[in-house]
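Ligands are counted one by one from 1 in listed order, and the atoms in each one are counted from 1 as well. All heavy atoms count here, side chains included; hydrogens, waters and symmetry mates do not.
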Amino acid sequence: MDLTQMYQNLGISQKVQSYCSQMEAQLKERFAEVDATAEYNQMKVLQAMQESRVSDIHFAATTGYGYNDLGRDTLEEVYAKAFHAESALVRPQLTCGTHALHVALSGNLRPGDELLSPVGKPYDTLEEVIGIRDSAGSLKEYGVTYRQVDLLEDGSFDYENIRKAINEKTKLVTIQRSKGYQTRPTLSVERIGELIAFVKSIKPDVICMVDNCYGEFVERIEPTDVGADMAVGSLIKNPGGGLAPIGGYIVGRKDCIDRASYRLSAPGLGKEVGASLGTNQSFYQGFFLAPTVVAGALKGAIFAANIYEKLGFAVVPDSTESRHDIIQAVTFGTPEGVIAFCQGIQAAAPVDSFVAPEPWDMPGYDAPVIMAAGAFVQGSSIELSADGPIKPPYAVYFQGGLTWYHAKLGIMYSLQKLVDAGLAALPE
Ligand SMILES: *Cc1c(COP(=O)(O)O)cnc(C)c1O
C-alpha cells in the first residue's frame, strides 16, 4: 500500500493530499532552519545534563516531605544551566502554567506594590490572578495594584506611555512572550530584551518576569539570556517534551526564585520540601526531547499558516514570518469554521480520535471555549491540540504535535472537515 492510500484510509481525500503536498514541497528551507535551531538547543540541554552529572539515581521517587530529593534538586540545576539562570523551581506541585505564574507573582509582590504589563492584556486566566476580573484571592485583594500599557497599533512598544506608567510603586513588570488568545504578534526574545533594557533604564530594581509559555526552544536564546529576572512556563507545554505528566517551572535570579518557593511551600521551607513522587524521569527525559518535539510542532504551525493563508483566511503569524512561539492562529470568521477545524484535529489524534469536541464554559475563561486534544497527557498542549473561544473574530489557536507527521495529518484532517462542510474551497 502506498502513502496516498494510507492517508485515504485515514479519511484524507486525494484532492486535499495533493494540495497539502504541493505546500509542503515549498517549505524545505523553512524546515531546515527549524531543524538547525533544534540541533543547537539539543546541545544546550545535553551540556546542562552532563555538567550536572545526571545519573540514574536521579530518577528515584521520593515521598513525604521530600527533604534532600537529589533528583529534584539536580533537575532544577539542569533547568538553571540550560536557561543560563542562577536558580530554578521545577515541580510537580506547580500544577499548571497559571499556577507557576501566580506563585512567581504573589511570591515577589507585597501589599502596596504595583504590577505593570507593558504588552497589553495578559493571558485570560491571569485576569483573575491579577484581579482585572474580580476574583477571590487575587493580587488585587492583597493590595497589589495593576497597570497596563497596550501595544501600539503596529505591534510596537508604546515607550512613551510605558515610561509614564512606571512609578515609585512599580515592583514587577510582566511580559508575555506568546500571543495567547489574541491576534497580536508574539514577541521575539530580542524584542523582549529591548523592552527589559528600557524598563531597567527607568527603574533598575524592577523585577522583569516573562511568561514564557509556548516559547521555550523556539529560538536559540531564552528571555533569561536578555535580562529577564524570571521566566515562567508549563511542563505540559514545550519544556516537558510531551512526557511530563504535570508541572511548571520558574527560572531566574536566586532571590526571586527563593521568594517564589516560600510562596509555593511555606516561609522557612521554600525549596527544601516537595517530594517528586516519581515524576523525575519523565521531567528529565521530556526536557531532553523538548528541542526536537518543539521543532515538529513548529513545522506543523508553519505548514498550517501556509495552507490556510493561501485559502484566504487570516493567519498569525503569516506564512513567511519568523517564529517565536509554537502557536498558530487562523481566523475563520464563523463559529462553524472554528468547530470544524477543531473536530478535524481531534479526528487525527492517537487517543480519543472517535469523539467530537463541542464548545463549553471552561473555568477561567469569559466565553465558551472549544478544545480539541487527543492527548496522552490530559490537557497537554505540546501534543497536537487546538482551541478557540467562541467569540469574534472566531479565531482558532492551534499548537503542538509530538511528531511532525502527526501535526501534518491533523492539519490535513482539519482542512478535509472544512472542505466537506463547504467552509473552505481548494483551488481548482
Ligand atoms: C498556557 C498559557 C498560560 C497558562 O498556562 P496553563 O497551564 O493553561 O495554566 C499562561 N500564559 C500563556 C501565554 C499561555 O500560553
For [atom], the protein heavy atom that lies nearest, with its residue and separation:
atom: atom 6 (P) of ligand 1; result: Gly97 N, 3.5 Å
atom: atom 13 (C) of ligand 1; result: Asp211 OD2, 3.4 Å
atom: atom 4 (C) of ligand 1; result: Thr98 OG1, 3.3 Å

Which ligand 1 atoms does [X] reach within 4.0 Å, using its non-hydrogen atoms?
X: Cys96; answer: 7 (O), 9 (O)
X: Tyr214; answer: 15 (O)
X: Gln176; answer: 13 (C)

Take atom CD in Glu51; do more than 12 heavy atoms of anything else shown fall under 6.0 Å from it?
-> yes
Within the 4.0 Å heavy-atom cut-off, what His99 brings close to ligand 1 is neither
Ligand 1 versus Leu101: contacting region, heavy-atom distance under 4.0 Å | side chain
Cation-pi check, Arg191 to Phe157: give yes when NZ or CZ is under 6.0 Å from the six-membered ring centre and within 45° of the ring axis, no otherwise.
-> yes
Does NZ or CZ of Lys237 lie under 6.0 Å from the centre of the six-membered ring of Tyr123, at an angle within 45° of the ring axis?
-> yes
For the residue pair Asn280 and Ser282, confirm or rule out a side-chain donor-acceptor distance under 3.5 Å.
-> no
Out of Gln47, Glu76, Glu77, which residue meets the side chain to side chain donor-acceptor pair (under 3.5 Å) rule with Ser52?
-> Glu77
State yes or no: are the ring centers of Tyr79 and Tyr249 separated by less than 6.0 Å?
-> yes
Ligand 1 and Lys237, any nitrogen or oxygen pair closer than 3.5 angstrom?
-> yes
Of all heavy-atom pairs linking Pro92 and Ile246, the shortest is O-CD1, 3.6 Å
